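Inspection log for the structure reproduced underneath, given as structure tokens.
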Amino acid sequence: MVAEGTDHPSTDDTPRPEPGRTGTDRPATDTSTGADAAPGTDTGTATGTDSATGTTGTDAGQADDAKIAAAVAAAEAAAPANGESVRIDSWIWSVRLVKTRSLGAAACKGGHVRVNGERVKPAHSVRIGDEVRLRNEGRERVVVVKRLIRKRVGAPVAVQCYIDNSPPPPPREAIAPAGIRDRGAGRPTKRDRRELERLRGLGAPGWPAGPGGGPGPASGGRGRAGGR
């Protein structure tokens, strides 16, 4: 009986975790878990940002495709019906290579329009695949016909009707500026002529001097002082 009582205290002496150490271990475990979760949170944020950027780029591409599709549809709507031919002067005006159709006709008559290397008249029929060379306003345009239209369209639609192989435009410095007449040069104005007449003393005989010393109205003319 005494031995059994002695064995019980030895069993109770088994080491147990102290309350202070147990509390310290738990916050440490929670801290490590929180640190592990932080990278996950950052990764999720970065992924969300990338996804949003990709969606924006996709929307922009879809908008551009929609604009191009609308321009192509408008160009097809302006095409001639039943396979009718299109005049070259009408085509270069429709695709905005010249400002007016009359200017297109004048360019053809002046030999400034060539189709496949040959000078053509305004009534020449243009076909898909033809190379059109036009010299207008000091610049040479070289385009390949991609679509036939006979109605003037906007610039976004016009570029869908041809392939532009034009050389780059010349620099603005190389273009001659518009002529500006210096004062006293070129054809004299009415004021200049009046000054010349005053200086030279020109005028019909019997004209009294005007207020500025120039010739005044004739006394024998059709004015108030003279008769008819």
Side-chain angles (χ1 to χ4, degrees), residues 47-182 185-187 189:
T47 305
T49 304
D50 295 340
S51 301
T53 306
T55 304
T56 304
T58 304
D59 293 342
Q62 292 178 354
D64 294 339
D65 294 341
K67 291 180 180 179
I68 294 175
V72 172
E76 293 178 352
N82 301 326
E84 297 178 356
S85 60
V86 179
R87 293 166 52 109
I88 182 62
D89 60 342
S90 177
W91 188 82
I92 60 178
W93 166 71
S94 299
V95 298
R96 306 181 72 87
L97 295 181
V98 293
K99 294 182 179 179
T100 62
R101 184 171 178 176
S102 59
L103 289 177
C108 294
K109 294 178 181 179
H112 302 297
V113 179
R114 295 175 179 267
V115 177
N116 298 327
E118 297 183 0
R119 295 181 179 180
V120 294
K121 296 181 179 180
H124 179 80
S125 297
V126 66
R127 296 175 297 180
I128 296 177
D130 288 346
E131 182 190 62
V132 179
R133 289 179 174 265
L134 168 66
R135 188 163 190 84
N136 183 39
E137 296 182 351
R139 182 186 177 188
E140 184 180 7
R141 301 296 304 272
V142 181
V143 299
V144 178
V145 180
K146 187 177 178 181
R147 289 185 176 85
L148 297 178
I149 60 174
R150 59 192 314 172
K151 298 178 182 179
R152 190 171 176 85
V153 295
V157 182
V159 297
Q160 300 297 328
C161 299
Y162 58 81
I163 301 174
D164 195 354
N165 297 329
S166 305
R172 299 185 62 179
E173 293 78 6
I175 301 176
I180 302 176
R181 186 180 69 87
D182 296 333
R187 183 177 179 179
T189 62

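All figures in this text were calculated on a predicted structure; none of them were measured in a lab.
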Distance in Å, [X] [atom1] paired with [Y] [atom2], rounded so as to fall on 0.5 Å steps:
X	Y	atom1	atom2	value
E131	I163	CD	CD1	11.0 Å
I149	C161	CD1	SG	3.5 Å
I88	S125	CD1	OG	9.5 Å

Between [X] and [Y], which heavy-atom pair has the shortest distance, and what is it?
X	Y	value
P80	L148	CD-O, 3.3 Å
V153	A158	CG2-N, 3.8 Å
V142	P167	CG2-CD, 4.3 Å
G104	D89	C-CB, 4.0 Å

Which donor-acceptor pairs under 3.5 Å do the side chains of residues 70-78 make with protein atoms, sequence neighbours left out?
none

Tell me which pairs pass side-chain hydrogen bond (donor to acceptor under 3.5 Å, both in side chains) where either residue lies in [range], with sequence neighbours left out.
range	result
residues 91-105	T100-S102
residues 144-166	E84-R150, R141-D164, R141-S166, D164-S166
residues 105-124	N116-D130

More than 12 heavy atoms of other residues, nucleotides or ligands under 6.0 Å from CZ of R139: is that the case?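 Above 12, so yes.
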